[in-house]
Amino acid sequence: MLLALFLFSIGFAVLFGLTEGAAAESRQAANLLEGANLAQKKMDQLAVHIWTDNIAQLACLPGGKVEGNEGKFHWLIESDWDDVPQLLRVSVEVRWTERGNPASYMLETLYEVE
């Protein structure tokens, strides 16, 4: 009976450890997905408007940075002119802290600006 109880306890401890690890990985995946969605949302907000409007509204500054916070996420939009004339390279980086460690997601694209 003691042997059965001992084996059951070991099995339960292993199962608890696996469940705890799976929950942590799930939280990490959810944060990454939320960060990626925020980066895509910021990029979509820029793409909807004419670039001269984006620049005039200070939503995107060629050669500069625009940043802000949304919940636990800090986003940063950087843009600069590419080597090819009329192409603006835009990157959106989203940063957050996960279990005391910094994490980030970056999305970058080129837009034609007339």
Query raised in the report: Does any N or O in the side chain of Ser9 come within less than 3.5 Å of the main-chain N or O of Leu5, such that one atom is a donor and the other an acceptor?
Result: yes
Report summary line: Cluster membership besides Leu61, Ile/Leu/Val/Met/Phe/Trp/Tyr side chains within less than 4.5 angstrom, sorted by chain and number, is Leu32, Leu38, Met43, Leu46, Trp51, Leu58, Val66, Phe73, Trp75, Ile77, Trp81, Leu88, Val90, Val92, Val94, Trp96, Tyr105, Leu107, Tyr111, Val113
Query raised in the report: Quick one: CG on Asn31 to CD on Glu98, what's the gap to the nearest 0.5 Å?
Result: 4.5 Å
Query raised in the report: Between Asn54 and His49, do the side chains contain an N or O donor and an N or O acceptor separated by less than 3.5 Å?
Result: no
Report task. Mind checking the NZ-CD spacing from Lys42 to Glu67? Nearest 0.5 Å is all I need. Result -> 12.0 Å
Query raised in the report: Does CD belonging to Glu20 count more than 12 external heavy atoms closer than 6.0 Å?
Result: no
Query raised in the report: Roughly how far apart are Ser91 OG and Lys65 NZ, rounded to 0.5 Å?
Result: 9.5 Å
Query - Contact summary for Gly68 and His74, nearest pair of heavy atoms - result: O-ND1, 3.3 Å
Query - Whichever hydrophobic residues join Met1 through chains of side-chain contacts under 4.5 Å - result: none
Requested in this report: Using side chain to side chain contact (heavy atoms under 4.5 Å, CB included) as the criterion, list what pairs up with Asp82, not counting sequence neighbours.
Outcome: Val84, Leu87, Arg89, Leu110
Query raised in the report: Once you round to the nearest 0.5 Å, how far does CD of Glu93 lie from CD of Glu108?
Result: 10.5 Å
Query raised in the report: Is the count of non-hydrogen atoms from other residues, nucleotides or ligands lying under 6.0 Å from Ile50 atom CD1 greater than 12?
Result: no
Query - Closest non-hydrogen atom pair between Cys60 and Ser79, with its separation - result: SG-OG, 3.2 Å
